[in-house]
Chemist: 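Take a look at the following structure, please.
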Amino acid sequence: MKIKAINGFKDILPEEVPLWQHIEGVARDIFQRFGCHEIRLPILEKTELFARSIGEATDIVEKEMYTFVEMGITMRPEATASLLRAFIEHGLHVRQPVQRLYTIGPMFRHERPQKGRLRQFHQVDAEVIGAVEPEIDAELMAMGQMLLTELGLSASLEVNSLGCPGCRPEFRRRLVAYLQDRQAGLCEDCRRRSETNPLRVLDCKKAGCREVVEEAPSILDALCPECRSHFDQVQSRLDLLGVSYSLNRFMVRGLDYYTRTTFEFVTGDLGAQAAIGAGGRYDGLIEQLGGPKLPGIGFAMGMERLVLLLQAADNRAERPGPSLDLFVAALGSRAGLHGYRLVHGLRQRGLRAAMDYSGRSLKAQMKQAARQAARHTLILGDDELERQTAILRNMQTQEQLPFPLQADVGQECLQLIDIIQTT
RNA sequence: GUGGGCGUAGCUCAGCUGGUGGUAGCACCUGGUUGUGGCCCAGGAGGUCGUGGGUUCAAGUCCCAUCGCUCACCCCA
């Protein structure tokens with residue numbers, strides 16, 4: 001009985017890691033251009049934190065969390081709650097009126113895995129806390145768009161406003177009333193949702209429900225003057241930045257804390273998973289978590305989804321791993337000992353060096369050197385020790401030069417480095 | 001939680017209506033070159049056919065169960 005990784009948990013193998021590092025690198029670079037600072041957060045939090053922020057009645061909290069019940073702790077299903085907890089706990093708002101933060105790491109949800117959806121998945125997440133201005137909303141969306149663009153991906157941006165505690169309840173009442181008269185046209189799930197979470201009906205993909213919903217009252221017509229003005233300005237700022245987007249008045253988010261602006265980056269290239277990134281404003285959440293009365297907005301991108309898109313789109317997704325500066329092919333036991341010291345000396349001086357200890361043929365060792373993408377190979381047999389001269393082969397040009405051996409390994413390393421770096 | 005598809009070598013997969021598990025490709029090892037990689041050629045190693053039971057003279061193949069993977073629903077990044 002072989003032990004395997006558990007369902008929904010995946011190893012990221014060495015050949016895939018360069019692509020992951022590339023995505024992280026681009027994300028870090030762009031986030032920093034927008035003034036965001038990295039924050040690193042724990043993976044476990046008190047269960048209550050997620051229940052209070054994401055919402056007791058959401059699918060995530062109801063059935064998807066990895067929770068240690070007896071300890072009252074949960075593996076984070078998303079980053080925002082943890083980030084805000086840290087923000088409040090350390091009083092970060094007193095240092096700077098507007099905090100721009102980002103974090104990268106694994107999240108956990110106990111859903112059935114499928115394409116682009118795992119139980120441990122990774123997100124890059126950016127949040128701006130302390131600013132209500134619509135400039136921020138547009139800027140964050142532009143930042144997400146920039147990340148996708150610089151990765152060589154394209155996705156469409158869909159934007160909506162969910163209003164605020166001032167205007168959403170009224171809209172909700174109107175929607176419920178509308179749906180009540182049209183139960184017959186709805187699917188079973190949506191008939192249930194009409195009671196529990198009527199906004200979700202807007203989001204149903206079934207043909208019958210879409211028909212019903214098409215004529216439903218629009219949240220965008222129901223916004224209060226403040227939300228209306230905010231949303232208008234968000235759109236004009238997006239226009240100003242040249243970010244293209246479309247309004248989607250049916251877009252509803254799965255977390256309870258969103259207010260006003262919400263948005264998704266969507267693609268058709270990911271099977272059933274359309275969203276590669278999503279986010280929105282959460283103006284009441286920080287206070288609700290016991291913090292200061294501050295607004296916030298943020299978004300997350302799913303890294304697995306970015307990886308899938310890059311792998312599918314693009315043969316440059318195969319990024320080479322690090323190559324070797326020098327492979328030492330030693331023949332014979334005395335040469336082996338000399339090479340062993342040499343390789344260590346090169347490593348101490350910053351080079352990537354390797355050799356083989358199994359005493360295999362030169363041919364086999366050359367093959368290994370090639371496989372590890374060594375730029376040079378030093379051929380060192382007992383003959384060479386005798387003559388005090390090894391052979392340095394450039395693996396690309398196939399050129400071979402004599403290399404004088406020395407009594408002092410340090411000197412020898414310096415000379416080798418000198419030659420390698422000038423050829 | 002519900003439904004479909006699939007489990008054969010490290011990986012990708014052949015294997016028809018049951019009749020000795022593949023000359024398959026990639027990867028690996030050795031040799032062709034008594035000390036020189038990639039290409040080529042030759043050879044080699046590698047398997048409880050997911051697991052357990054059943055039918056049968058005979059099961060990778062048929063039946064049942066079970067475990068695993070996967071896609072989709074739900075929901076979401």
Side-chain angles (χ1 to χ4, degrees), chain A residues 1-10 13 15 54 58-64 76-80 104-126 144 155 187-190 192-193 197 200 203-206 251-255 263-267 270-280 298-309 324 327 329-332 335 356 358 360-384 390-400:
Chain A
M1 181 72 174
K2 265 190 289 188
I3 297 179
K4 299 165 56 176
I6 59 185
N7 194 12
F9 290 70
K10 282 270 178 300
L13 299 177
E15 59 263 31
I54 297 168
T58 58
D59 282 0
I60 294 178
V61 171
E62 259 178 9
K63 51 190 189 193
E64 295 174 1
R76 63 181 184 194
E78 58 119 29
T80 305
I104 301 179
M107 311 293 157
F108 306 83
R109 291 184 200 170
H110 189 104
E111 304 173 87
R112 277 297 265 275
Q114 64 191 71
K115 190 179 175 70
R117 194 174 74 186
L118 296 174
R119 288 179 171 173
Q120 175 177 336
F121 59 102
H122 299 77
Q123 291 185 336
V124 297
D125 180 276
C187 69
E188 200 181 319
D189 284 331
C190 283
R192 178 174 49 78
R193 288 188 191 117
N197 192 352
R200 282 239 80 82
D203 199 36
C204 186
K205 287 160 205 110
K206 299 215 168 62
M251 188 176 76
V252 176
R253 312 297 348 285
L255 294 75
F263 55 96
E264 277 182 9
F265 294 98
V266 298
T267 172
L270 262 182
Q273 265 56 246
I276 61 184
F299 75 89
M301 292 270 184
M303 293 189 72
E304 279 76 7
R305 294 181 182 181
L306 296 174
V307 166
L308 282 174
L309 289 170
L324 221 50
F327 187 92
L331 296 159
D356 171 81
S358 67
R360 301 204 285 166
S361 70
L362 179 59
K363 176 176 173 159
Q365 293 193 53
M366 293 299 290
K367 209 168 166 179
Q368 263 197 74
R371 189 159 46 220
Q372 293 176 54
R375 294 187 299 142
H376 297 268
T377 299
L378 189 74
I379 299 166
L380 184 59
D382 287 343
D383 290 358
E384 280 76 14
I391 300 165
L392 182 64
R393 177 181 177 88
N394 181 319
M395 296 298 277
Q396 223 145 49
T397 64
Q398 306 189 31
E399 191 183 4
Q400 299 196 161

Chemist: Sequence neighbours excluded, which residues qualify as side-chain contact (heavy atoms from CB on, under 4.5 Å) partners of A:I60?
Modeler: A:I54, A:T58, A:E64, A:M65, A:P77, A:R109, A:L255

Chemist: For the backbone of A:M107 and the side chain of A:E78, can you confirm whether one donor and one acceptor N or O come within less than 3.5 Å of each other?
Modeler: no

Chemist: Could you give the distance separating B:C29 and B:G10 at their C1' atoms, to the nearest angstrom?
Modeler: 14 Å

Chemist: Describe the nucleic acid contact of A:E64 in one word from base, sugar-phosphate, nothing, applying a heavy-atom distance below 4.0 Å.
Modeler: sugar-phosphate

Chemist: Considering only B:A77, B:G38, B:U36, which nucleotide approaches the side chain of A:R109 most closely?
Modeler: B:A77

Chemist: Rounded to the nearest angstrom, tell me the gap between atom CD in A:Q114 and atom P in B:C71.
Modeler: 7 Å

Chemist: Consider the side chain of A:E384, meaning its heavy atoms from C-beta on, and name the nucleotide among B:A72, B:G35, B:G37 that approaches it most closely.
Modeler: B:G35

Chemist: Are the side chains of A:R76 and A:P106 in contact, using a 4.5 Å heavy-atom criterion?
Modeler: yes

Chemist: Between B:G68 atom P and A:F9 atom CZ, what is the distance in whole Å?
Modeler: 14 Å

Chemist: If I pick the P atom on B:C69 and the same atom on B:G50, what distance separates them, to the nearest angstrom?
Modeler: 16 Å

Chemist: When the distance from CG of A:L380 to P of B:U36 is rounded to whole Å, what number comes out?
Modeler: 16 Å

Chemist: Which residues within residues 117-124 of chain A lie with some heavy atom under 4.0 Å of an atom in RNA chain B?
Modeler: A:R117, A:L118, A:F121, A:Q123

Chemist: Answer yes or no: side-chain N or O of A:Q372 and base N or O of B:G37 forming a donor-acceptor pair under 3.5 Å.
Modeler: no

Chemist: Roughly how many Å apart are B:A42 and B:G4, using the C1' atom of each and rounding to a whole number?
Modeler: 47 Å

Chemist: Using Watson-Crick and G-U wobble pairs with both distances under 3.5 Å, what is the 5'-to-3' dot-bracket string of RNA chain B, with [ ] for crossing pairs and | for pairs outside the strand?
Modeler: (((((((..((((.....[..).))).(((((.......))))).....(((((..]....))))))))))))....

Chemist: What pairs with A:H122 under ring-ring contact (aromatic ring centres under 6.0 Å, His included), at least two apart in sequence or on another chain?
Modeler: A:W20

Chemist: Which heavy atom of A:Q396 sits nearest to which heavy atom of A:N394, and what is that distance?
Modeler: N-OD1, 2.8 Å

Chemist: Rounding to the closest angstrom, what is the interatomic distance between B:C26 and B:C13 at atom C1'?
Modeler: 11 Å

Chemist: With a 4.5 Å heavy-atom cut-off, do A:R393 and A:M366 have their side chains touching?
Modeler: yes

Chemist: Apply side-chain contact (heavy atoms from CB on, under 4.5 Å) to A:A335 and list each qualifying residue two or more places apart in sequence or on a separate chain.
Modeler: A:A330, A:L380, A:D382, A:L385

Chemist: I need a per-nucleotide contact map over nucleotides 6-11 of chain B, read 5' to 3'. Cutoff is protein heavy atoms under 4.0 Å; write B for the base, S for backbone only, - otherwise.
Modeler: ------

Chemist: With C1' as the reference atom in both, quote the distance from B:U8 to B:A77 in angstrom, rounded to an integer.
Modeler: 36 Å

Chemist: Please give the distance between the P atoms of B:A59 and B:C49 as a whole number of Å.
Modeler: 12 Å

Chemist: Please measure how far the C1' atom in B:G15 lies from the corresponding atom in B:G47, and state the result in whole Å.
Modeler: 15 Å

Chemist: Take A:A5 and A:G302, find for each the nucleotide of RNA chain B with the closest heavy atom, and name the residue whose nucleotide sits nearer the 5' end.
Modeler: A:A5

Chemist: Please give the distance between the C1' atoms of B:G3 and B:G43 as a whole number of Å.
Modeler: 50 Å

Chemist: For A:L306, report the nucleic acid contact type (base, sugar-phosphate, nothing); a contact means any heavy atom under 4.0 Å.
Modeler: nothing

Chemist: A:M366 has an atom CE; how far is it from atom P of B:G35, in whole Å?
Modeler: 14 Å

Chemist: Round to the nearest Å and state the distance from A:E399 atom CD to B:U36 atom C1'.
Modeler: 15 Å

Chemist: Does the base of B:C76 carry an N or O that pairs as donor and acceptor with the side chain of A:R305 under 3.5 Å?
Modeler: yes

Chemist: Looking at every strand, decide which applies to A:A369 at a 4.0 Å heavy-atom threshold: base, sugar-phosphate, or nothing.
Modeler: nothing

Chemist: With sequence neighbours excluded, what pairs up with A:E111 under the salt bridge (Lys or Arg N to Asp or Glu O under 4.0 Å) test?
Modeler: A:R117

Chemist: Quick check: closest heavy atoms across A:Q365 and A:A329, and the distance to 0.1 Å?
Modeler: OE1-CA, 3.2 Å

Chemist: Would you please name every residue forming a side-chain contact (heavy atoms from CB on, under 4.5 Å) with A:L13, sequence neighbours left out?
Modeler: A:D11, A:E15, A:E16

Chemist: Find the distance A:L378:CG to B:G37:C1' and express it as a whole number of Å.
Modeler: 15 Å

Chemist: Please tabulate, one pair per line, each protein N/O and nucleotide N/O from nucleotides 28-32 of chain B that are separated by under 3.5 Å, including the distance.
Modeler:
unit_1: B:C28; atom_1: OP1; unit_2: A:R371; atom_2: NH1; d: 2.5
unit_1: B:C29; atom_1: OP1; unit_2: A:R371; atom_2: NH2; d: 3.2
unit_1: B:G32; atom_1: N7; unit_2: A:K363; atom_2: NZ; d: 3.4
unit_1: B:G32; atom_1: O6; unit_2: A:K363; atom_2: NZ; d: 3.4

Chemist: Which heavy atom of A:G279 sits nearest to which heavy atom of A:R253, and what is that distance?
Modeler: N-NH1, 4.0 Å

Chemist: Between A:E78 and A:K63, who's closer to the 5' end of RNA chain B by nearest nucleotide?
Modeler: A:K63

Chemist: Confirm from the modelled atom types if A:Q400 and B:U36 form a donor-acceptor pair under 3.5 Å, side chain to base only.
Modeler: yes

Chemist: Of all the choices, B:G37, B:G35, B:A72, which nucleotide is nearest to the side chain of A:R393 once you look at every atom?
Modeler: B:G37

Chemist: Roughly, in whole Å, what's the span from CD in A:Q365 to P in B:U36?
Modeler: 12 Å

Chemist: My understanding is that only residues two or more places apart in sequence, or in another chain, count here; which of them pass salt bridge (Lys or Arg N to Asp or Glu O under 4.0 Å) with A:R375?
Modeler: A:D325

Chemist: Report yes if the side chains of A:I6 and A:R119 come closer than 4.5 Å at any heavy-atom pair, otherwise no.
Modeler: no

Chemist: Output the rounded distance in Å from CZ (A:R112) to P (B:G68).
Modeler: 10 Å

Chemist: Looking for any heavy atom pair under 4.0 Å, which part of the strands does A:D125 touch: base, sugar-phosphate only, or nothing?
Modeler: nothing

Chemist: Check every strand shown and say whether A:L331 touches a base, only sugar-phosphate, or nothing at a heavy-atom separation below 4.0 Å.
Modeler: base

Chemist: Please name all residues satisfying side-chain contact (heavy atoms from CB on, under 4.5 Å) with A:A369, sequence neighbours left out, ordered by chain then number.
Modeler: A:F327, A:A374, A:T377, A:M395

Chemist: For A:F108 and A:F121, work out which heavy atoms get closest and say how close.
Modeler: N-CE2, 4.1 Å

Chemist: Base, sugar-phosphate, or nothing for A:G116, non-hydrogen atoms under 4.0 angstrom?
Modeler: base

Chemist: Are there any protein N/O atoms within less than 3.5 Å of an N/O atom in nucleotides 50-52 of chain B, and if so, which ones and at what distance?
Modeler:
none

